[in-house]
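Each chain gets a letter, A, B and so on, in the order its sequence line appears, and its residues count up from 1.
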Number of protein chains: 2
Amino acid sequence: MSSIKDVAKLSGVSVTTVSRVMNNRGYIGKETRSRVEKAMQELDYQPNQIARSLQRSRSGLIGVIVPDLAHPFFSELINEIEAYANARHYKIIICNSVHDAEKEANYINMLRQNRADGIIVCSHTLSTEKYEHEEMPVISFDRVISPSIPYVASDNYQGGEIATKHLIEGGCKKILHISGPLEYDLLANRRKDAFELTAMKAGISYMSLEGAYIEATFEDNYKFIEEHISAVLENYDGIFCSNDLLAYALYVYASRHHIRVPEELKIIGYDNHSFTRMLQTPRLTTIQQPLDKLGEALAFSLISNIERQADGKHNQNIVLDVQLIKGDTT
Amino acid sequence: MSSIKDVAKLSGVSVTTVSRVMNNRGYIGKETRSRVEKAMQELDYQPNQIARSLQRSRSGLIGVIVPDLAHPFFSELINEIEAYANARHYKIIICNSVHDAEKEANYINMLRQNRADGIIVCSHTLSTEKYEHEEMPVISFDRVISPSIPYVASDNYQGGEIATKHLIEGGCKKILHISGPLEYDLLANRRKDAFELTAMKAGISYMSLEGAYIEATFEDNYKFIEEHISAVLENYDGIFCSNDLLAYALYVYASRHHIRVPEELKIIGYDNHSFTRMLQTPRLTTIQQPLDKLGEALAFSLISNIERQADGKHNQNIVLDVQLIKGDTT
DNA sequence: ACAATTTATGAAAACGTTAACTTATACTAT
DNA sequence: ATAGTATAAGTTAACGTTTTCATAAATTGT
């Protein structure tokens, strides 16, 4: 592949001049410019970004760390991140931590060595310390890592409140919430707080159960329902699941056991990602996280941070509104 | 961030020696090695991969071009590609062509400029010429681009045959196939060939309809069914859809119009990606493409090509077996 | 005892850019 | 006419590595 030197030689100028033509910097004679441009065309010259990166010490690379790339939630989120980043000429390197702290640490190291310009962390395995002292700009999704690391999230408390109120307004008297695993301090846990507070305020009988970490497969979710929920299921007439895949498994469990949804049992999920939107049998009632805006906010926030002027206003957290999607299960 | 020079200075040796310690090349004194290693630790030294890439003219970057990152088929495929590539110390840059030829061309340019080591093309917009004369190793998914570019695919003819036979064996007398768009010469079109040949051989009444390109949303698929299929639906008792999302939309259409599946109409899809595996209402009968093996084969094939020794055996196409998944719709 | 080899290290060039200095000519204003 | 500036282009160092070449001491073989 031809280099700037080849272009310089062919057009009979110095490499500096070629560089100036490329970057439109400084003065260039009209005729010189066209000679250089012709040479670039002739050689199909592609400026070497690696050399540029080394020189400018900016790689244009953004690492996105997710726990599971094939999960509809994260694939959609990455889709949005990539679109925004691409429009701003950043490249996305995907890092699939597979819920494994060691893998995550390796990815961070890799991103350091490749001088990535920043990291978006959507994974929640690693103890947060590794990020706290990171030199690269980091944006976190749905988690408070440290005061210096901005996060982007949807309003989990609001979501929990809307979901709970929806059940209560639907006439539920005994409601259950199945949360995500609580061991990490995720903002998603605010859904549980909202559930409990809202139920309490309404004077309704309620209960919260902690969900385990579950692979995004139907079988795992169904097994969880069988093992941890089935025994207490008859005690409730409304269940708020912290994610749609679990809610769907619960629905399937209920229909297989001839519990009529929504008449005997109302189910509301959370996320409304592509799986849920595709699903029509039943259309799940759920809380929609604005995945498009979340992805955009993550990319926007990180890039502003990378390119920040010295005005210091780039460390703001972003919290976005959620929305009730009324389906057939409530 | 500290460089090799800092390490050299701190340990009182030359940069060459530090480089030798890192890469385990040449002779190094025992005591020197430990001094250097201590210095690297002390400085939290991270070798600059950008500089390495420039020097070695190998970036370790692989570009993966897909039409839609959020589609369950592609997100799963990328997941597998990434896993295999990561184990071999390659990094994946994702390129979302959004079915747009211009965007695709821009991505290819970007990958050229970043001196990516190779490209995996799962997108099918661009006229194939742009790839034919590409210097980088290219592997194509499900499409013949040129004799010099190996492809990876599952056995589409086999899949079409299995699906068609399954319908016939289930007692269908008048069968329909809805293919993907035929304008690109994709290997997926072999499913149609198989359908027609198998039906003909069996002496069964059959018909093929060309599907349009459809966004991976329920609404688009449903609209397609309404506009192009509903009018002729009653003529058939078995339909083979070229993808699961369309098959599901068809199922929903049928149940909304009180056509009993599978009694009056049998439906078989294609792919068995994460959406289909998650879906239990109904469990769709479908042909499973081995996404895990396909992803691995793509990555393996590309990487062998990148690192090829001069034995010339690296341009082989890979075709993998598919499998019938019997669900409730046949 | 002395040549050959093994071991250990360093200096300098190269990879492909950009940026900070130079140099030189042509125009402009007084 | 002459200093000042706008225009045009080249030289060279730098970014952080690896690699080739060179040098020298220590070890080995006869």
Side-chain angles (χ1 to χ4, degrees), chain A residues 1-40 43-61 89 109-117 135, chain B residues 1-37 39-40 43-61 89 109-117 135-136:
Chain A
M1 192 159 277
S2 49
S3 80
I4 198 172
K5 278 185 196 164
D6 304 314
V7 177
K9 196 170 292 174
L10 183 61
S11 48
V13 298
S14 72
V15 289
T16 310
T17 303
V18 178
S19 173
R20 274 196 275 257
V21 170
M22 276 194 284
N23 300 291
N24 257 312
R25 239 188 280 286
Y27 298 109
I28 315 128
K30 218 178 158 185
E31 206 249 345
T32 308
R33 154 167 273 139
S34 69
R35 269 220 320 285
V36 169
E37 278 166 349
K38 209 182 106 211
M40 295 202 297
L43 295 170
D44 187 25
Y45 169 67
Q46 307 281 353
N48 185 328
Q49 290 294 347
I50 296 179
R52 289 230 251 240
S53 297
L54 181 62
Q55 218 289 138
R56 297 182 176 155
S57 52
R58 293 278 260 47
S59 64
L61 255 30
H89 300 292
N109 239 33
M110 180 274 278
L111 292 172
R112 275 207 197 108
Q113 301 193 343
N114 285 86
R115 300 303 189 262
D117 291 341
E135 292 181 49
Chain B
M1 194 161 277
S2 49
S3 80
I4 199 173
K5 277 184 196 163
D6 304 314
V7 177
K9 197 169 289 175
L10 184 58
S11 46
V13 298
S14 73
V15 290
T16 312
T17 303
V18 177
S19 175
R20 274 197 275 259
V21 169
M22 274 194 285
N23 299 291
N24 256 313
R25 239 188 280 286
Y27 300 108
I28 315 128
K30 218 177 159 188
E31 204 248 345
T32 310
R33 156 167 271 139
S34 69
R35 270 219 319 284
V36 170
E37 279 168 347
M40 294 201 300
L43 294 169
D44 187 25
Y45 169 66
Q46 309 281 354
N48 186 328
Q49 291 293 347
I50 296 180
R52 291 231 252 240
S53 298
L54 182 61
Q55 221 288 142
R56 298 181 176 157
S57 51
R58 293 277 262 45
S59 64
L61 254 30
H89 300 291
N109 239 31
M110 181 273 280
L111 292 172
R112 276 208 196 107
Q113 301 193 342
N114 285 87
R115 301 301 189 262
D117 291 341
E135 295 181 49
M136 281 181 272

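- Straight-line distance from the CZ atom of A:Arg33 to the P atom of D:dA8: 10 Å, rounded to whole Å.
- Under the 3.5 Å distance criterion, with hydrogens and angles disregarded, no donor-acceptor pair is assigned to the side chains of A:Asn114 and B:Arg52.
- For the OP1/OP2 pair of D:dT18 and a distance below 4.0 Å, the side-chain nitrogens and oxygens of B:Ser19 include at least one atom meeting the criterion.
- Put simply, A:Thr32 has a side-chain N or O that comes within less than 4.0 Å of OP1 or OP2 on D:dA9.
- With values rounded to the nearest 0.5 angstrom, A:Leu61 atom CG is found 12.5 Å from A:Arg115 atom CZ.
- Rounded to a whole Å, the CD atom of B:Gln55 is 15 Å from the P atom of C:dT17.
- Using a 4.0 Å cut-off, no side-chain N or O of A:Asn48 falls inside it from OP1 or OP2 of C:dC15.
- The interatomic distance linking B:Arg35 (CZ) with C:dT9 (C1') rounds to 11 Å, in whole Å.
- Comparing B:Arg115 and B:Gly29, the nucleotide of DNA chain C nearest to each residue sits closer to the 5' end for B:Gly29.
- Atom-to-atom, CZ of A:Arg25 to C1' of D:dT7 comes out at 18 Å; the value is rounded to the nearest Å.
- Spacing between atom CZ of A:Arg20 and atom C1' of C:dT17 amounts to 14 Å, rounded to whole angstrom units.
- Taking all atoms of both residues into account, the shortest heavy-atom contact from A:Ile28 to A:Arg20 is CD1-O, 3.8 Å.
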Pick out the pairs of N or O atoms, protein on one side and nucleotides 23-29 of chain D on the other, that lie under 3.5 Å.
none

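- Side chain of B:Ser11 to backbone of B:Ala39: no donor-acceptor contact under 3.5 angstrom is found.
- Here B:Thr16 lies in heavy-atom contact (under 4.0 Å) with a base.
- Residue A:Asp117 holds its CG atom at 8.0 Å from OG of A:Ser53, rounded to the nearest 0.5 Å.
- Summarising the geometry, the separation between CG on B:Leu54 and C1' on D:dT19 is reported as 14 Å, rounded to the nearest angstrom.
- Results of the side-chain contact (heavy atoms from CB on, under 4.5 Å) test with A:Val13 over A:Thr16, A:Val15, A:Thr17, A:Leu10 single out A:Thr17 as the only residue that passes.
- The shortest distance between the side-chain N/O atoms of A:Tyr27 and the OP1/OP2 oxygens of D:dA8 is not below 4.0 Å.
- In terms of phosphate contacts, B:Lys5 brings a side-chain nitrogen or oxygen within less than 4.0 Å of OP1 or OP2 of D:dC15.
- Atoms CD and CE, from B:Gln113 and B:Met110 in turn, are 9.0 Å apart once rounded to the nearest 0.5 Å.
- The separation between A:Ile4 atom CD1 and C:dA19 atom C1' is 12 Å, rounded to whole Å.
- Proximity of A:Arg56 to the phosphate of C:dT17: no side-chain N or O atom is located under 4.0 Å from OP1 or OP2.
- Distance A:Lys30 NZ to C:dA26 P: 19 Å, rounded to the nearest Å.
- Within the structure, every side-chain polar atom (N or O) of B:Ser57 is placed at least 4.0 Å from both OP1 and OP2 of C:dC15.
- Using a 4.0 Å heavy-atom criterion, one finds that A:Ser14 contacts the bases of the nucleic acid, with or without backbone contacts as well.
- Comparing C:dG16, D:dG10, C:dT9 against the side chain of B:Ile28 picks out C:dT9 as the nearest.
- Distance check: A:Glu135 CD to A:Arg112 CZ gives 8.0 Å after rounding to the nearest 0.5 Å.
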